[in-house]
Amino acid sequence: AVEYNIILSECAKRSLVESALGVLDAMERRGTAANVYNYNTVMSACSRAGHLHTAFNVFARMQSKGVEADSVTYGSLINACGKACDLDRALVVFQAVKDSGATPDVVMYGTIIDTYGKHGRIDHALHLLNEMASVGVLPNSHVYNSLIASCGKHNRVSTAFELFEDMQAAGLRPDNFTLSSLLVGCGRAGLADKAWQLFDDMRASGVKMNKFVYNSVISACARCGHLDRAYAALDALQAAGHEPDSFTYSSLITACGNADDLDTAFSLFDSMASHGSTPDAFAVSSLITACGKANQMDRAFDVFESVKRAGLRPHINTYSSLIDACAKRGLLDQAFRLLDELRANGLEPNEFVFSALISGSGKAGLADSALDMFDQARAGRMPPSVYVCNATIDACLRCDQVDKAFEVLAEMQRLDLPPD
RNA sequence: UCUGAUAUGAAAU
């Protein structure tokens, strides 16, 4: 069973669910009883591949064989639910562990906290952190880092910094995960100086920083419109022996866009390929956004057309940035035409597309159109996000439809989406 | 140490 598991873990690394199941079958045929490691490893493959249903099938299979589940089994199941964005199901498994009289271990807590955080349920995540203390499970740096990252992404930077203090008080060393999470949070909150100071402190302290950290500072500087600092961080990245990658480039393009240097944005984009980075949909989207910001919509459409001319079908990110730029520049008809086009290309509008169209409609005084988009967002596979709801509320209010705005608020409560 | 959890790029209020 140990040898089989070496094969199984190779399958898991590659998310090869079918192969893993095949190995499990082969074990049975050859009369080798699968042990808990084998089942756990197959479940890990399911979780990476996002095959939640299969993960539960494997769980049932191991139980029918009389193999007892351990904490790794439950941890894997919870993770599979989280990776499949099924928070409710993750909670059911987590609760089942508690109901069995066991105390969830630090990984299970960490997994649930991470899932809550990724869903923007920061308060629920923090509540579980307190619960850990009360049941005597010590949070490790995975737990803190995950929370810090989620806070940074959901407008809770000050909480992120409190957690940063807490983890140090608990004797945990901040690492590259901590640092990049904080930097991103600062960037999103517009705290350029704080981000730069953090970066400087870490440089001075001699902590080895990886490319995630350098790219995070560059992105923070870019978001805050600090082109000079973005370049300084690029120098530091290279001085540390790293090569800029496509993450670096798309941030740099954004930095130029936000510093009103559209020509440099274009030349960075054009130089990507010769520097070993494929100009991907993120770079295209950065560039289109930069054009929109500079009020050069003709250039934005040129970029869009050049993607098509290259024989590529535009990515959803490409559409969403162009739709947003159109909506912001009052080209609402074009924006809606692009919505039709992306659907005709087999793509599904995401929450960014919807909120761009909703706020564009609101600014044009078209409450019905905004509400129609809200309904379409609700009809989608994923529940509407807080952003879509907020955009709709804002659109209703701009159109003096106060009652409608309150209906959306009520809908948020029905969806258990905490208003921010 | 045969199995489970954390960080980087565009964009929406």
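We name chains A, B, ... by the order of the sequence lines, and we start the count at 1 in each one.
Among residues two or more places apart in sequence or in another chain, the salt bridge (charged side-chain N to carboxylate O under 4.0 Å, His left out) test is passed with A:Lys404 by none. For A:Glu28, the side chain to side chain donor-acceptor pair (under 3.5 Å) test picks out A:Arg61, with sequence neighbours left out. Taking the salt bridge (charged side-chain N to carboxylate O under 4.0 Å, His left out) definition, one finds that A:Lys83 meets it with nothing, sequence neighbours left out. When the salt bridge (charged side-chain N to carboxylate O under 4.0 Å, His left out) test is applied to A:Glu18, no partner is found at least two apart in sequence or on another chain. Residues satisfying the salt bridge (charged side-chain N to carboxylate O under 4.0 Å, His left out) test with A:Glu131, not counting sequence neighbours, are A:Lys98.
Put simply, CG on A:Asn215 is 14 Å from C1' on B:A10, counting in whole angstrom units. Straight-line distance from the CD atom of A:Glu351 to the C1' atom of B:A10: 14 Å, rounded to whole Å. Following rounding to the nearest Å, A:Leu182 (CG) and B:U8 (P) show an atom-to-atom distance of 12 Å. In this structure, A:Ile393 atom CD1 and B:U13 atom C1' are separated by 9 Å, rounded to whole Å. Rounded to whole angstrom, the span from the NE2 atom of A:His315 across to the P atom of B:G9 amounts to 15 Å. In this structure, the OH atom of A:Tyr249 is 13 Å from the C1' atom of B:G9, given to the nearest Å. Rounded to whole Å, the distance from CD1 on A:Ile288 to C1' on B:G9 is 15 Å. Remark: C1' of B:A12 and CG of A:Leu342 are 15 Å apart, rounded to the nearest angstrom.
Between the base of B:G9 and the side chain of A:Ser250 there is a donor-acceptor pair shorter than 3.5 Å.
Using a 4.0 Å heavy-atom cutoff across all strands shown, A:Asn317 reaches at least one base atom of the nucleic acid. Nucleic acid contact class of A:Ser321 (heavy atoms, under 4.0 Å, all strands): none. Using a 4.0 Å heavy-atom cutoff across all strands shown, A:Ser286 reaches sugar-phosphate atoms only and no base atom. Heavy atoms of A:Asp420 sit nowhere under 4.0 angstrom from any nucleic acid atom.
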Sequence-aligned protein contact record of nucleotides 1-7 of chain B, with B where the base is within under 4.0 Å of a protein heavy atom and S where only the sugar-phosphate is: -BBBBBB
Steps toward salt bridge (charged side-chain N to carboxylate O under 4.0 Å, His left out) verdict (A:Glu341, A:Arg337): CA-CA 6 Å; A:Glu341 182 183 315; A:Arg337 231 172 286 142; over 6 Å; no
Steps toward salt bridge (charged side-chain N to carboxylate O under 4.0 Å, His left out) verdict (A:Asp123, A:Arg156): CA-CA 10 Å; A:Asp123 291 322; A:Arg156 300 280 294 261; 3.2 Å; yes
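Within the structure, a side-chain polar atom (N or O) of A:Arg223 is placed less than 4.0 Å from OP1 or OP2 of B:A10.
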